[in-house]
Amino acid sequence: MVVSIHHPTCSSPFLRPTSPKNGRHSSRKLILRTGILWGNADKAKTRIMTFGSSKDKADIDLEVGERLYLGMDFGTSGARYALIDKEGAIRAEGKREYPLYTSKDAADWLSSWKMTLHSLLEDVPVSLRPLIASISIDGTSATTIIIDSATGEPLCRPLLYNESCPDALPAIKSIAPANHTVCTGTSTLCKLVSWWNSDDSDKESALLLHQADWLLWLLHGKLGVSDYNNALKVGYDPEVDSYPSWLLSQPYSRVLPSIQAPGTSIGPITEDIRTQFGFPKDCVVCTGTTDSIAAFLAARATLPGKAVTSLGSTLAIKLLSTNRIEDARFGVYSHRLDDKWLVGGASNTGGAVLRKLFTDEQLEKLSEHINPMIASPLDYYPLQAVGERFPVADPKMEPRLYPRPESDVEYLHGILESIARIEAKAYGLLKDMGATEVEEVFTAGGGAKNEKWTKIRERVLGLPVSRALETESAYGAALLALKGAQYQ
Ligand SMILES: Nc1ncnc2c1ncn2[C@@H]1O[C@H](COP(=O)(O)OP(=O)(O)O)[C@@H](O)[C@H]1O
Ligand SMILES: O=C(CO)[C@H](O)[C@H](O)COP(=O)(O)O
């Protein structure tokens, strides 16, 4: 039985850039690969010349009437877009850092994400926008936004993917099955229950959305729609395609969004945004997914035993398995991918720790001097702050990044090797819990470009490790847009 919870649709919000609120506006265009579209009107083909890209592409021909598909990734440290054709070739891509907005001395993430969405749409080449048939977005998992469904205004600040609300855990453990995915402080359900129990605002028209849902709502204007990947951590059961009865019987269940499969057409882009950016009348907006699932989709891994490690700000692992496993005690859960399961979890270790110590340029230079075939004797647990989600779910776990050697090359080697050991522990845990055994690992995210790290990981994992065909989650979101356009 599918339970759908419908919400009144409030007036669609305008996607207008909000002026920085007492904060710096530091958004800037970092990389833009764009195209110049020209062609002889009576020619069957138009020609695209890309310039300024890191990958020189030959002239690319677009069939007259061909359509394009736009994916956007709202990750931890910034957002990207990828525009692809029906064969999956990239026609344009770009990225933006999040501008810093503050409100009452706290980060104003909603203004930052809204401005970044506007900037990414502005970065899409004007000449290609009329060809865009569909749009989808991925966001960080369990990033929770609670809004007033009558006005669209937030009822509290967004709670980010790695924030924890342990105060709600006892209540959740008393209703959910033992060690269920929601039984961890960083789960979306913990964030919802913590707000429900502590916030005295009027909850009558409250509605929960995930980051990707909220961004997509800005484009399609229909409130209360999510996907079964983003909804996993609020308790949705993708196996039976409904919220479980133990959740629906709770008073706060009425704030839950209705659920579609990722890459499902929700409806047309709103007229004001369509005309503002020059999208075609038949452009549809499709449900999204989470950033690490989008990274898996981008890697195009289709066989059980294939895995994707996302080396972004965090270390997120996705292994394609024929069976579902979950245990909140270790931060292990399974996302549905059609008729199979993406088992894994997300650690708080990863690139964000590196970025606090080294710039990307320093990482590149220092890595040149690392011999990946020699094991580092240094044993760290690289965390930005106290608390780990996976493969050990311990909110009190302390970062361990000392002793620091004189040589930064040795220090970086130790950190990269220590993160590789955490990755190996994670894959070993999944095998012990009965998931399909991993046989090959593809790498996504910013760390995928580090060939020395790839070699270190191959040695530590004892498996073939390579860079994914496409390493950006935005590409995976574009594949969801393509899917949504094809199965409207
Ligand atoms: N050469 C490199 N070696 C290892 N890590 C790198 C390198 N260059 C960038 N990174 C890391 O990649 C991360 C950014 O990856 P990205 O996928 O953009 O993150 P996210 O999407 O989570 O914001 C940064 O934390 C940075 O430290
Ligand atoms: O670390 C994160 C942000 O980058 C998210 O937690 C990541 O998306 C993993 O969550 P999921 O496995 O649900 O996709």
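For clarity, every value in this text was computed on a predicted model and none was experimentally measured. We use all heavy atoms of the structure for the numbers below, so side chains are in, but hydrogens, waters and symmetry mates are not. Whatever order the structure lists them in is the order used to number ligands and atoms, beginning at 1.
- The protein heavy atom nearest to atom 24 (C) of ligand 1 is R355 CZ, 3.5 Å.
- Using modelled atom types and a 3.5 Å distance limit, the side chains of S376 and E410 yield no donor-acceptor pair.
- With a heavy-atom cut-off of 4.0 Å, W453 touches ligand 1 through its side chain alone.
- Ligand-side atoms of ligand 1 in range of S313: 19 (O), 20 (P), 22 (O), 23 (O), range being under 4.0 angstrom from any heavy atom.
- Against a heavy-atom cut-off of under 4.0 Å, T76 is close to the following atoms of ligand 2: 3 (C), 4 (O).
- Note: W217 and H210 fail the aromatic proximity criterion, with ring centroids not under 6.0 Å apart.
- Of the possible donor and acceptor atoms, none in the side chain of E437 sits under 3.5 Å from a partner among the backbone N and O of K431.
- Close approach of ligand 1 to G445 is summarised as follows: ligand atoms under 4.0 Å from at least one heavy atom of the residue are 17 (O).
- The number of heavy atoms from other shown groups lying within 6.0 Å of CD (E451) does not exceed 12.
- In this structure, the protein non-hydrogen atom closest to atom 17 (O) of ligand 1 is G446 N, 2.9 Å.
- When the options N450, T76, L363 are ranked by their closest heavy atom to atom 6 (C) of ligand 1, first place goes to L363.
- Nearest non-hydrogen protein atom to atom 6 (O) of ligand 2 is R389 NH1, 2.8 Å.
- G351 O, 3.1 Å is the protein heavy atom nearest to atom 27 (O) of ligand 1.
- At a heavy-atom cutoff of 4.0 Å, ligand 2 is contacted by the side chain of A346 but not by its backbone.
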Apply side-chain contact (heavy atoms from CB on, under 4.5 Å) to the pair E417 and R459, showing each step before the final yes or no. CA-CA 10 Å; E417 184 122 3; R459 172 172 49 80; 2.8 Å; yes
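- At a heavy-atom cutoff of 4.0 Å, ligand 1 is contacted by the side chain of R80 but not by its backbone.
- At least one N or O atom of S141 sits closer than 3.5 Å to an N or O atom of ligand 2.
- Between K233 and ligand 2, at least one N/O pair is under 3.5 Å apart.
- Interface atoms of ligand 2 facing T290, defined by a heavy-atom separation under 4.0 Å, are 11 (P), 14 (O).
- Between D237 and R336 no salt bridge is recorded (no basic side-chain N to carboxylate O distance below 4.0 Å).
- Remark: aromatic rings of Y333 and H335 are close, center separation under 6.0 Å.
- Between Y243 and Y236, the ring center distance clears the sub-6.0 Å criterion.
- Heavy atoms of S367 come nearer than 4.0 angstrom to ligand 1 in no pair at all.
- Ranking protein heavy atoms by distance to atom 2 (C) of ligand 2, first place goes to Y161 CD1, 3.5 Å.
- With respect to W109, the side chain to side chain contact (heavy atoms under 4.5 Å, CB included) criterion is satisfied by exactly one of L159, I145, L160: L160.
- When non-hydrogen atoms are compared, ligand 1 lies under 4.0 Å from the backbone of A352 (N, CA, C, O) but not from its side chain.
- Ligand 1 places these atoms under 4.0 Å from at least one heavy atom of K449: 1 (N), 8 (N), 9 (C).
- The CG atom of L354 lies 10.0 Å from the OG atom of S313; values are rounded to the nearest 0.5 Å.
- Classification of the F74-Y98 ring pair by plane angle, with boundaries at 30° and 60°, yields parallel.
- Interface atoms of ligand 1 facing G312, defined by a heavy-atom separation under 4.0 Å, are 15 (O), 16 (P), 17 (O), 19 (O), 22 (O).
- Formation of a donor-acceptor pair under 3.5 Å by the K233 side chain with backbone atoms of T181 is not found in this model.
- In terms of polar-atom proximity, S77 is counted as a contact of ligand 1, with an N or O under 3.5 Å from an N or O of the ligand.
- No side-chain N or O of K340 forms a donor-acceptor pair with one of S321 less than 3.5 Å apart.
- Protein heavy atom in closest approach to atom 8 (O) of ligand 2: D291 OD1, 2.3 Å.
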